Amino acid sequence: MTIQTFTSYLESLSKTASRNEMTVVLAKLLSKSSSDEVDKVCYLLLGRLTPKFEGIEFQMATKSMIKVIALAYGSNVDEVTKIFKQKGDLGVVVAQLQPKADRPLADVGKRAHQGEPLQITTVYDKLLKIALEEGSGSVERKIFGFSELLKSLDPLSAKYMVRIPVGALRLGFSDMTLLDALSWMAMGDKSLRKLLENAYNVSADIGLIAKAFKEKAGKGIVHLKATPGIPIRPQQAERLGTAEEMIEKLGTSVAEWKLDGFRVQVHIISSKLKIKSSKFKTQRKQMQLGEKRSDKEVQIFSRSLENTTHMFPEIVGEFRKLDVGSAILDGEAIGYDPKTSKHLPFQETIQRKRKHGISDIAQKIPLRYYAFDLLSLNGESFLEVPFNERRKKLAELFEKKGKKLDPKTVTIAEQVIVSTPEALRKQFDESVKQGFEGIMVKKREAVYTAGARNFNWVKFKHMGVGKLADTLDCLVMGYYAGQGKRSGFGIGAFLVKV
DNA sequence: ATTGTCTGCCCC
DNA sequence: ATTCTGC
DNA sequence: GCAGAATGGGCAGACAAT
């Protein structure tokens, strides 16, 4: 598939408002893609080059892309910046600048116009090469490389490629719609969405799923299940205003303290569990990244599925002691004061989010992991098991014989059963008194709906700064130019003085 | 070395 | 993370 | 109610500039 064909689909998608229509268009695009292209097509549609947990970023955004455009079209940073402020979208800036670029039109988009059309895989490879540039001089190489790429593209492709690194594709759909489209491609309806979503939830690599689906239809993905080493998309919580609504919606439920730390998914991988599929190259990479070879590997993933194992040496160390083959746990990690053992505010905990000097900061700000869910144990997935049973298994895991885990570093989240709004409020008041962020209220019968935000879990938080008062007297000091939809209005946000 | 600028599907 | 919008 | 777009505050990483 040529890049022109691809971007003509993007153009038609951006003009489509109905998600159902988008699904049909996407299905056609996916069906026209070869199985060698379809993974790259998926990543590009979502404004990326690889799945999140690969950790490959452009390290380019608005400022860099303005330089790219200036360089490619013989303009300058001031002029491009000025047009960008008017239009609010670098893609539109490119569309405007391209026709009057000072280099001859025959040179701009030359190959595209002279019977040597650029393939989408070629463009993808160039983008990847730019993203992978690092070290001294890499900023310059990225900017020069991208400007060369732009010059080789037809106007429409240039418009969309520029939007990718700045994260401004804004096509109006995302991963879930793409899964619908895969189903539509095969069946002409959304009947396979559940199957595809299930595969995606336990193996959050949409390109891999599209490819497997394309090659072997349903059979290619149906075997995918929760696998230690591959992150599971975390369940998220909804919000409700009152305790009454919560009890009405969830019935008798379970309350846990809401901790203001990092969401942490712990994977324990037995060395006996060899990786079977060679397709999971990321997994192999992660295995190599593991601290050192031992009988037990521990990998940790963030809420956004980044591999953040390096941030949590003390938690990794504790879980290595656990007498278990393999397991996946969900929980929250929060910093504490080593003297008083009290929890620290998020601003302190966040200092653990770093790559270098972890052992130094770990002395100052040790972390404690509160496990609240068990998603898989010794190869058996618990995603479809009701919460109260998962919780029972989790407790059993912590009571196992063998080396005891240090409760200062790894412990299990406390629970209280609540069946009335009064009891819920009492628990909430107690949480505030003890300095927690509030409580999490969870439905006891609910399965773990990976990746979804629903009323299986509800957060009961005290009112934040935004709710201190309903009104506030302000003085308008200025405004910011809006982007995307807000660019037409001219104002994206006001700067005010209280 | 130190300081400045830009970036992050960042973390919340 | 929150808030808003279209469907 | 879902999915997606557009916002914020604050922190550390990666280079560039000095």
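Keep in mind it's a predicted model, so treat the numbers as computed, not measured. These values consider heavy atoms only, across backbone and side chains, with no hydrogens, waters or symmetry-generated copies. Every chain is numbered from 1, with letters handed out A, B, ... down the list of sequences.
Qualifying side chain to side chain donor-acceptor pair (under 3.5 Å) partners for A/Asn20, counting only residues two or more places apart in sequence or in other chains: A/Lys190. With sequence neighbours left out, the side-chain contact (heavy atoms from CB on, under 4.5 Å) criterion links A/Asn456 to A/Gln235, A/Lys443, A/Ala446, A/Thr449, A/Asn454. Contacts of A/Asp189 classified as side chain to side chain donor-acceptor pair (under 3.5 Å), with partners at least two apart in sequence or in another chain: A/Ser191. Applying the side chain to side chain donor-acceptor pair (under 3.5 Å) test to A/Arg193 and every residue at least two apart in sequence or in another chain returns A/Asp180, A/Glu197. Under the side chain to side chain donor-acceptor pair (under 3.5 Å) criterion, A/Ser138 pairs with no residue, sequence neighbours left out. In terms of the salt bridge (Lys or Arg N to Asp or Glu O under 4.0 Å) criterion, A/Asp260 has no residue partners (sequence neighbours excluded). With sequence neighbours excluded, the residues forming a salt bridge (Lys or Arg N to Asp or Glu O under 4.0 Å) with A/Arg425 are A/Glu244, A/Glu422, listed by chain and number.
Annotated as syn: B/dC9, whose O4'-C1'-N torsion sits within 90° of 0.
Taking atom CZ of A/Arg453 as the reference point, atom P of D/dC2 lies 11 Å away to the nearest angstrom. Separating the CG atom of A/Leu46 from the P atom of D/dA3 is a distance of 14 Å, rounded to the nearest angstrom. Between the C1' atom of D/dA12 and the CD atom of A/Glu348 lies a distance of 15 Å, rounded to the nearest Å. A/Asn454 has its CG atom 14 Å from the C1' atom of D/dA3, to the nearest Å. The distance from atom CZ of A/Arg170 to atom P of C/dT5 is 17 Å, rounded to the nearest whole Å. In this structure, CG of A/Leu169 is placed 13 Å from C1' of D/dG4, rounded to the nearest angstrom. Following rounding to the nearest Å, A/Phe173 (CZ) and C/dT5 (P) show an atom-to-atom distance of 23 Å.
Counting any heavy atom pair closer than 4.0 Å across all strands shown, A/Gly167 reaches no nucleic acid atom. A/Thr177 comes within 4.0 angstrom of sugar-phosphate atoms only, judged by non-hydrogen atoms across all strands, and of no base. Among the heavy atoms of the strands, none lies under 4.0 Å from A/Arg163.
Between B/dC9 and B/dT5, the two P atoms lie 23 Å apart (nearest whole Å). Comparing C/dG6 with B/dC6, their C1' atoms are spaced 34 Å from each other, to the whole Å. Taking the P atom of each, B/dC12 and D/dA6 are spaced 23 Å apart, rounded to whole Å.
Distances were taken from every side-chain heavy atom of A/Gln351 (C-beta onward) to each of D/dG1, D/dA12, D/dA6; the shortest belongs to D/dA12. Considering only side-chain atoms of A/Ala17, the nucleotide from C/dC7, D/dA6, D/dG13 that sits closest is C/dC7.
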For a quick test of your reading: what N or O donor-acceptor pairs under 3.5 Å do the side chains of residues 432-439 of chain A make, sequence neighbours left out?
from     : atom 1 : to       : atom 2 : distance (Å)
A/Gln434 : NE2    : A/Glu430 : OE2    : 2.8
A/Glu437 : OE1    : A/Lys258 : NZ     : 2.8
A/Glu437 : OE2    : A/Lys461 : NZ     : 3.4

Donor-acceptor list for residues 342-349 of chain A side chains, cut-off 3.5 Å, not counting sequence neighbours:
from     : atom 1 : to       : atom 2 : distance (Å)
A/His343 : NE2    : A/Tyr370 : OH     : 2.9
A/Thr349 : OG1    : A/Gly335 : N      : 3.1

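Aromatic ring centres of A/Phe319 and A/Tyr369 lie closer together than 6.0 Å.
Taking only side-chain nitrogens and oxygens, A/Arg19 never comes nearer than 4.0 Å to OP1 or OP2 of C/dG6. Look at A/Arg239 and you'll find a side-chain N or O under 4.0 angstrom from OP1 or OP2 of C/dT2.
A/Thr309 contributes atom OG1, which lies 4.0 Å from atom CD of A/Gln299 (distance to the nearest 0.5 angstrom).
A/Phe372 pairs in a ring-ring contact (aromatic ring centres under 6.0 Å, His included) with only one of the listed residues (A/Trp257, A/Trp457, A/Phe387), which is A/Trp457.
No hydrogens or angles considered: a donor-acceptor pair under 3.5 Å links the side chains of A/Asp175 and A/Tyr200.
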Notebook entry, point to check: Base, backbone or nothing for each nucleotide of nucleotides 3-12 of chain B, written B, S, -, heavy atoms under 4.0 angstrom, 5' to 3'?
Noted result: ---SSBBSBS

Next item on the list: Both distances under 3.5 Å, Watson-Crick or G-U wobble: on that basis, could you give the dot-bracket string for DNA chain D, with [ ] for crossing pairs and | for other-strand partners?
Entry: ||||||||||||||||||

Any protein N or O atoms within reach of nucleotides 15-18 of chain D? Criterion: under 3.5 Å, listing atom names and distances.
from   : atom 1 : to       : atom 2 : distance (Å)
D/dC15 : OP1    : A/Gly135 : N      : 2.7
D/dC15 : O5'    : A/Gly135 : N      : 3.4
D/dC15 : O5'    : A/Gly135 : O      : 3.4
D/dA16 : OP1    : A/Gly137 : N      : 3.3
D/dA16 : OP1    : A/Val139 : N      : 3.4
D/dA16 : OP2    : A/Gly137 : N      : 2.9

